[in-house]
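Below is one structure, written out as structure tokens; comments come after it.
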Amino acid sequence: MWFKRYFSDYLGLWLTQVGFAVGVLMTPAYIYGSQSVVSKAGELFGVKPAFTDLLVFSMVLSALLGVVTIIIGDMVGTLYYEFKIAESTVLIFEATGLTHYIVVNAVVRSIVNTLLSSIYLLPVLGALKGASGLIAYLVVVMILVPAGVTLGLLASIVGLSVIYFVDVRRPWSIAQLLPPVILASSGVYIPVHMIPLALRVVGYITPVPFVVETLQWITLLFNESRISQYLLFLTAIYAVYVSVSVLAINRVDRVVRK
Amino acid sequence: MSLVREVRRSLLVGYGMFRMHLTSYLSSTLNALLWMTLFLAPSVVFSSDPLSALLYLTPPVIGVNIVLLSIGLSQEYVTWLSEGGELDDLRLANLTLWKYVAATFPFDFLVVGFAPFLLSALLLSWYLGIAPTWLFRLNAALFALSIPVLMASGLLMASLIGLLYLKNPLARAVSQVIQILFVVVLFLPPRYLPEQYMALLVPGLVAVELLRASFGSNTISTSLLVSMTVPAVISYLLLSLLASRLVEKHFLKFGVETRY
């Protein structure tokens with residue numbers, strides 16, 4: 001039902017993601033030739049990739065565009081609808097707690113959204129890398145789903161604070177501004193250390209820069225021992241984010257009850 | 001004398017429209033800036049010569065933003081504005097679609113065109129550690145020459161898209177495809193053209209090439225570009241006047257309905 005209703009939106013999103021992935025590589029390749037792009041990227045990341053590897057790399061990282069945009073938009077939109085338009089606050093307080101409702105909402109919706117917004121990778125990776133592309137897809141989804149859940153929790157905090165503590169006439173303008181801020185400050189296609197520090201600090205509020213780094217290494221050096229290190233590191237980061245956001249939502253619950 | 005009064009009046013109207021749009025302009029400017037950075041930073045980083053890539057890819061920001069904004073303005077005029085009754089006020093003040101887009105152009109050029117270009121140029125230079133002194137290479141004469149061409153192409157796109165919206169129920173999807181095509185065509189240096197004068201066929205391409213030429217990164221030769229400005233401005237203006245006449249005829253015959 002859900003998928004069918006928003007299918008055209010998702011189609012536009014997948015097209016945008018593929019467009020970004022192709023455009024980022026093809027624009028310099030068109031101006032300077034593809035060989036220079038390969039050598040420059042190899043210089044930046046310290047590996048020697050083929051052009052298909054780079055294409056896989058940019059395609060996988062484009063999935064983050066969809067994950068961040070869709071999850072933040074959907075979270076803030078849903079919470080705004082529930083608390084401002086449908087006014088189901090009292091209903092939620094009677095049935096469960098705010099914390100429970102928000103956490104379940106964030107987790108379930110984010111998982112569905114993450115899977116749907118990155119499913120375009122399945123045919124793309126299958127076409128580019130064959131059977132090993134499917135394994136790569138599973139690994140990427142394994143990393144993206146917890147990232148989506150943490151982002152969903154963070155977005156619920158932002159959404160609640162926008163709804164209750166900020167008085168803006170068009171709250172969705174804030175929700176629209178957040179994804180590009182997060183994405184531009186984590187760089188997505190370029191090494192994270194190249195971004196100016198002031199922007200990077202903004203990005204580190206979310207788990208996105210860590211996910212970007214891990215995905216960059218996984219797609220460029222598949223079958224390496226360093227991947228397990230990165231995964232361990234990422235798990236620790238996820239744990240920190242989840243606990244922080246659950247604590248924050250608990251606080252919101254208390255404030256709202258008063 | 002009456003021409004001077006007309007210009008003063010439309011500047012005043014443009015300022016009023018600009019005040020009306022201000023919040024959405026600011027948020028969309030910031031939004032466009034960050035998305036552009038997300039796209040342009042990796043493309044510049046992956047090129048073998050970052051400075052020349054900056055010169056190729058940042059000037060089109062002005063052209064793309066102006067063309068997309070004109071499309072948005074005409075879309076607003078023929079679909080949304082009728083809902084709150086603003087359209088009636090505008091039409092009582094004798095503001096047709098053409099005059100509406102023309103009156104808002106001076107302020108739009110500064111805020112939606114030039115400011116994101118300057119900011120993205122500074123931001124990208126900061127990203128890449130290039131000194132932003134390349135901005136001083138600007139050839140002011142060519143830059144100034146590009147402004148009327150940009151205005152004429154914006155007017156042409158606005159009236160054509162307005163006509164499309166009035167005549168075609170599927171216009172929203174079609175205009176999205178057109179917008180994507182424009183972004184692609186205007187960002188790439190026009191080496192794909194079999195003949196250079198064919199740049200006249202795409203409204204905005206001559207203006208974007210002039211902007212590139214003012215930084216010395218043009219593909220079409222400068223003398224040809226300068227000689228193309230006069231036919232470009234005249235033909236775009238004539239075509240846009242024709243299209244806006246058709247829009248007026250449609251308004252008089254059928255009125256407007258609010259659509260989204």
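Numbered from 1 within each chain, the chains take letters A, B, ... in sequence-line order.
Residue A/Ser62: no heavy atom, backbone or side chain, is found under 4.5 Å from chain B. For a residue to count as touching a neighbouring chain, one of its non-hydrogen atoms must lie under 4.5 Å from one of that chain's; by this rule A/Val181 touches chain B with backbone and side chain alike. Heavy-atom distances place no part of A/Leu54 under 4.5 Å from chain B, backbone and side chain included.
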In residues 61-69 of chain B, what donor-acceptor pairs under 3.5 Å come from side-chain atoms, sequence neighbours left out?
residue: B/Asn65; atom: ND2; partner: B/Val112; partner atom: O; Å: 3.0

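Across A/Ser58, A/Gly19, A/Ser186, A/Ala184, the residue that shares the most heavy-atom pairs under 4.5 angstrom with chain B is A/Ala184.
For residues 199-210 of chain A, the interface with chain B (any heavy-atom pair closer than 4.5 Å) comprises A/Leu199, sorted by residue number. For residues 26-41 of chain B, heavy-atom neighbours of chain A at less than 4.5 Å comprise B/Ser27, B/Leu30, B/Asn31, B/Leu34, B/Trp35, B/Leu38, B/Phe39, B/Ala41, sorted by residue number. Residues from residues 52-59 of chain B that place a non-hydrogen atom less than 4.5 Å from a non-hydrogen atom of chain A comprise B/Ser52, B/Ala53, B/Tyr56, B/Leu57, given in numerical order.
The OG atom of A/Ser39 sits 11.5 Å away from the CZ atom of B/Phe46 when rounded to the nearest 0.5 Å.
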